[in-house]
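All ligand and atom numbering here is 1-based and tracks the order in the structure. It should be emphasised that the depicted structure is a prediction, and the values quoted were computed from it without experimental measurement. Side-chain atoms are counted along with the backbone in the values below, which use heavy atoms only and exclude waters and symmetry mates.
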Amino acid sequence: MTIQWFPGHMAKARREVTEKLKLVDIIFELVDARIPYSSRNPMIDEIIQHKPRLVLLNKADMADKYITKEWIAFFAKKGVKAIAINSQAGEGMKEIANAAQEILKEKFDRMRAKGVKPRAIRAMIVGIPNAGKSTLINRLAKKNIAKTGNTPGVTKSQQWIKVGKEMELLDTPGILWPKFEDQEVGMKLAITGAIKDTLLNLQDLTVYALDFLEREYPERLMERYKFTDIPDDVVLKFDHIGKLRGCLMGGGMVDYDKVAELVIRETRSEKFGPLSFERPKDFQTENEE
Ligand SMILES: Nc1nc2c(ncn2[C@@H]2O[C@H](COP(=O)(O)OP(=O)(O)OP(=O)(O)O)[C@@H](O)[C@H]2O)c(=O)[nH]1
């Protein structure tokens with residue numbers, strides 16, 4: 001699903017998340033491990049305020065695991081716990097519950113000390129479109145998909161999903177918008193499939209992808225497209241790939257749109273192996289938005 005975000009939609013999305021905040025102890029902020037900065041909502045800190053949060057670096061199977069470790073350390077420095085997960089395969093699910101318990105330990109200890117009966121941790125998932133929210137909810141729900149019913153005294157329509165004995169999850173995630181105003185962020189969102197291709201010029205996106213691969217993973221680029229030398233000229237790059245892979249039109253001319261589709265598809269579908277499109281060092285000096 002791709003949402004076109006207009007100011008009215010953003011305000012509504014924000015309102016919905018803000019309302020649900022009251023119902024939960026902790027927010028699971030779901031981001032794409034390949035672009036942990038670009039796949040965050042720009043106003044997330046302001047929206048969730050001081051509510052405890054756990055950052056989930058989802059799709060970690062598609063990201064460079066060393067860079068994912070750097071991101072975990074980056075968040076830790078800011079006092080935010082982050083863990084790498086793969087919702088599709090169900091990896092890291094136990095760690096989510098453990099981390100949530102750890103983060104909320106003091107609060108729950110205090111409740112117990114006051115004589116409040118222990119209850120399950122209540123959590124909600126928040127993330128931009130395509131971050132993997134539904135996949136994660138289904139994974140966590142497993143056979144406990146049976147709803148636990150409305151919580152008395154709060155919004156009638158909210159349903160809770162039991163996750164083990166220790167946790168309850170709101171069945172509808174909070175969907176927030178990405179930081180698409182920034183051109184580079186837009187490219188990263190498009191190359192990871194978070195926004196529709198049609199919003200961008202495919203050949204521009206391909207130039208971006210080839211530049212990125214050449215800079216960060218040159219051997220993989222050379223190997224896949226059999227470059228002995230990667231030419232500087234972008235037209236030569238397209239020509240080489242087009243001829244190699246038969247992206248041609250009548251008369252044997254290279255079809256640049258076909259080359260673009262091929263490169264984008266292959267970058268997205270892990271043909272180059274796991275890729276991380278951004279590193280924490282690029283954001284070290286920046287204030288958290
Ligand atoms: N490789 C991989 N793919 C994943 C993972 N999690 C989700 N996906 C895929 O990412 C795509 C988007 O997942 P969804 O669960 O639909 O994402 P969503 O956040 O609910 O999306 P919206 O409904 O648009 O808000 C799907 O094709 C999933 O199969 C993961 O950990 N690894």
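If you check the side chains of Tyr37 and Asp282, you find no donor sitting under 3.5 Å from an acceptor.
Within the listing of ligand 1, atoms 6 (N), 30 (C), 31 (O) sit less than 4.0 angstrom from a heavy atom of Ser87. Taking a cut-off of under 4.0 Å to the non-hydrogen atoms of Ser134, the atoms of ligand 1 that pass are 15 (O), 18 (P), 20 (O). For ligand 1, the atoms lying closer than 4.0 Å to a non-hydrogen atom of Asn130 are 11 (C), 12 (C), 17 (O), 18 (P), 19 (O), 21 (O), 22 (P), 24 (O), 25 (O). Each of the following atoms of ligand 1 lies closer than 4.0 Å to a heavy atom of Pro129: 24 (O), 25 (O).
In this structure, Phe283 has its ring center at least 6.0 angstrom away from the ring center of Phe74.
When the heavy-atom distances from atom 25 (O) of ligand 1 to Gln88, Lys59, Arg139, Lys133 are ranked, the shortest goes to Lys133. Closest to atom 13 (O) of ligand 1 by heavy atom, among Thr135, Leu136, Leu176, is Thr135.
Not a single heavy atom of Gly127 sits under 4.0 Å from any atom of ligand 1.
For the atom pair CD1 of Ile26 and NZ of Lys107, the computed distance is 9.5 Å after rounding to the nearest 0.5 Å.
Only side-chain heavy atoms of Asp61 come within less than 4.0 Å of ligand 1; its backbone N, CA, C and O stay farther off.
Both tests do not hold together for Lys105 against Phe108: distance to the six-membered ring centre under 6.0 Å, angle to the ring axis within 45°.
A side-chain hydrogen bond (donor to acceptor under 3.5 Å, both in side chains) with Ser87 is found for exactly one of Thr135, Asn58, Asn138, namely Asn58.
Checked for salt-bridge contact, Lys179 and Asp182 miss the test: no charged N lies under 4.0 Å from a carboxylate O. By the 4.0 Å N-to-carboxylate-O rule, Arg53 lies close enough to Asp45 to be salt-bridged with it.
Considering backbone and side-chain atoms together, Met62 places no N or O closer than 3.5 Å to any N or O of ligand 1.
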